[in-house]
**Student:** 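Before I ask anything, here is the structure I am working with.
Computed from a predicted structure; not experimentally measured.
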Amino acid sequence: QVQLGESGGGLVQAGGSLRLSCAASGRTFSSYGMGWFRRAPGKEREGVSCLNANDGRTYYLDSVKGRFTASRDNAKNTVYLQMDNLSPDDTAIYYCAAVDRVVRMPTECQRSRERDFPSWGQGTQVTVSS
């Protein structure tokens with residue numbers, strides 16, 4: 001398994017942007033399926049975006065399509081989540097997660113289950129003010 005650590009969260013006004021980063025340890029990062037998840041106060045965790053390296057497939061939660069972009073830099077063992085036009089509804093703790101195979105999309109990203117993603121970061125808080 002890889003070790004993951006998120007960064008880039010913070011407080012931003014509605015309409016603003018943030019870029020989250022998730023740094024991973026491990027030599028085989030390039031083959032891992034990666035996901036971004038979030039948990040808002042009082043709500044269940046949900047899958048925001050997932051992306052594979054091997055088959056190039058990506059998934060986005062409907063509410064973030066057109067505003068969020070996930071990407072990865074295998075040379076830096078890092079995945080990113082560029083978040084634009086943020087709204088207060090995006091306020092949550094954001095987590096990255098990894099699995100050492102392709103993510104079965106969209107199901108595994110939507111289910112947001114730890115059994116599908118054995119490695120998780122500690123999370124980073126994103127707060128969007130109105």
**Student:** OG1 of T127 to CG of D90: how many Å apart, nearest 0.5 Å?
**Tutor:**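 CG of D90 is found 11.0 Å from OG1 of T127.
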**Student:** Can you tell if the side chain of R72 reaches within under 4.5 Å of the side chain of M34, non-hydrogen atoms only?
**Tutor:**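 Result yes, sub-4.5 Å side-chain heavy-atom pair found.
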**Student:** With rounding to the nearest 0.5 Å, note down the distance linking CD in E46 to SG in C109.
**Tutor:**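 One finds 10.0 Å between CD of E46 and SG of C109.
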**Student:** N85: what forms a side-chain contact (heavy atoms from CB on, under 4.5 Å) with it, not counting sequence neighbours?
**Tutor:**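 Only R67 meet the side-chain contact (heavy atoms from CB on, under 4.5 Å) criterion with N85.
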**Student:** With a 4.5 Å cut-off on side-chain heavy atoms, are E6 and C96 touching?
**Tutor:**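 Yes - at least one pair of side-chain heavy atoms lies under 4.5 Å apart.
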**Student:** When you look at CD of Q3, are more than 12 heavy atoms from neighbouring residues, nucleotides or ligands closer to it than 6.0 Å?
**Tutor:**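 12 or below, so no.
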**Student:** Considering non-hydrogen atoms only, spot the tightest contact between L81 and S49 and give its length.
**Tutor:**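 Here L81 and S49 meet closest at CD1-CB, 4.3 Å.
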**Student:** According to ring-ring contact (aromatic ring centres under 6.0 Å, His included), does anything in residues 35-74 pair up with another residue at least two apart or in another chain? List the pairs.
**Tutor:**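 The answer is F37-F117, F37-W120.
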**Student:** State whether R115 and E108 are salt-bridged, where the test is any N-O pair (Lys NZ or Arg NE/NH1/NH2 against Asp/Glu carboxylate O) under 4.0 Å.
**Tutor:**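 A salt bridge is absent here (no side-chain N lies under 4.0 Å from a carboxylate O).
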**Student:** Strictly by modelled atom types, are D84 and S17 linked by a side-chain donor-acceptor pair under 3.5 Å?
**Tutor:**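 Yes, S17 and D84 have a side-chain donor paired with an acceptor closer than 3.5 Å.
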**Student:** Which heavy-atom pair separates T91 from Q125 by the least distance, and what is that distance?
**Tutor:**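 Of all heavy-atom pairs spanning T91 and Q125, the closest is CG2-NE2, 4.1 Å.
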**Student:** State, to 0.1 Å, how close R101 and D116 come at their nearest heavy-atom pair, and which atoms those are.
**Tutor:**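 Minimum heavy-atom separation between R101 and D116: NH2-O, 3.8 Å.
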**Student:** Between Y80 and V2, is there shared hydrophobic-cluster membership here, with clusters defined by ILVMFWY side-chain heavy atoms closer than 4.5 Å?
**Tutor:**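 No, because Y80 and V2 fall into different hydrophobic clusters, even though each may have its own neighbours under 4.5 Å.
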**Student:** Working note: V126 + M83, criterion side-chain contact (heavy atoms from CB on, under 4.5 Å); need CA distance, chi angles, decisive distance, verdict.
**Tutor:** CA-CA 10 Å; V126 171; M83 306 185 295; 3.9 Å; yes
**Student:** If the test is side chain to side chain contact (heavy atoms under 4.5 Å, CB included), which one of V99, D100, V79 qualifies with Y32?
**Tutor:**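 That would be D100; it is the only one of V99, D100, V79 passing the side chain to side chain contact (heavy atoms under 4.5 Å, CB included) with Y32.
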**Student:** I'd like to check T107 versus R104 (side-chain heavy atoms, cut-off strictly below 4.5 Å). Are they in contact?
**Tutor:**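 They are not in contact (no side-chain heavy atoms under 4.5 Å apart), so the answer is no.
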**Student:** Can you tell me if CD on Q122 sees more than 12 non-hydrogen neighbours from other groups inside 6.0 Å?
**Tutor:**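 Yes, CD of Q122 has more than 12 neighbouring heavy atoms, counting only those of other groups under 6.0 Å.
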**Student:** Rounded to the nearest 0.5 Å, what's the gap from CG on L4 to CZ on F29? Could you check?
**Tutor:**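 One finds 8.0 Å between CG of L4 and CZ of F29.
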**Student:** How close do T124 and L20 get, counting heavy atoms only, and between which atoms?
**Tutor:**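 In terms of heavy atoms, the two residues are closest at CG2-CD2, 4.0 Å.
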**Student:** Could you give the distance from CG (D73) to OG (S30), rounded to the nearest 0.5 Å?
**Tutor:**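 The distance works out to 11.5 Å.
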**Student:** One pair to check against side-chain contact (heavy atoms from CB on, under 4.5 Å): M105 and N52. What are the steps and the verdict?
**Tutor:** CA-CA 9 Å; M105 301 189 199; N52 288 328; 3.6 Å; yes
**Student:** Which heavy atom of S21 sits nearest to which heavy atom of T78, and what is that distance?
**Tutor:**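 What the structure gives for the nearest pair is CB-CG2, 4.2 Å.
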**Student:** If you look at every heavy atom in N74 and A53, which pair is closest and at what distance?
**Tutor:**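 Residues N74 and A53, closest heavy atoms: ND2-CB, 4.4 Å.
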**Student:** Verify whether one side chain among Y94 and R38 offers a donor that lies under 3.5 Å from an acceptor in the other.
**Tutor:**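 Note: Y94 and R38 side chains meet the donor-acceptor criterion.
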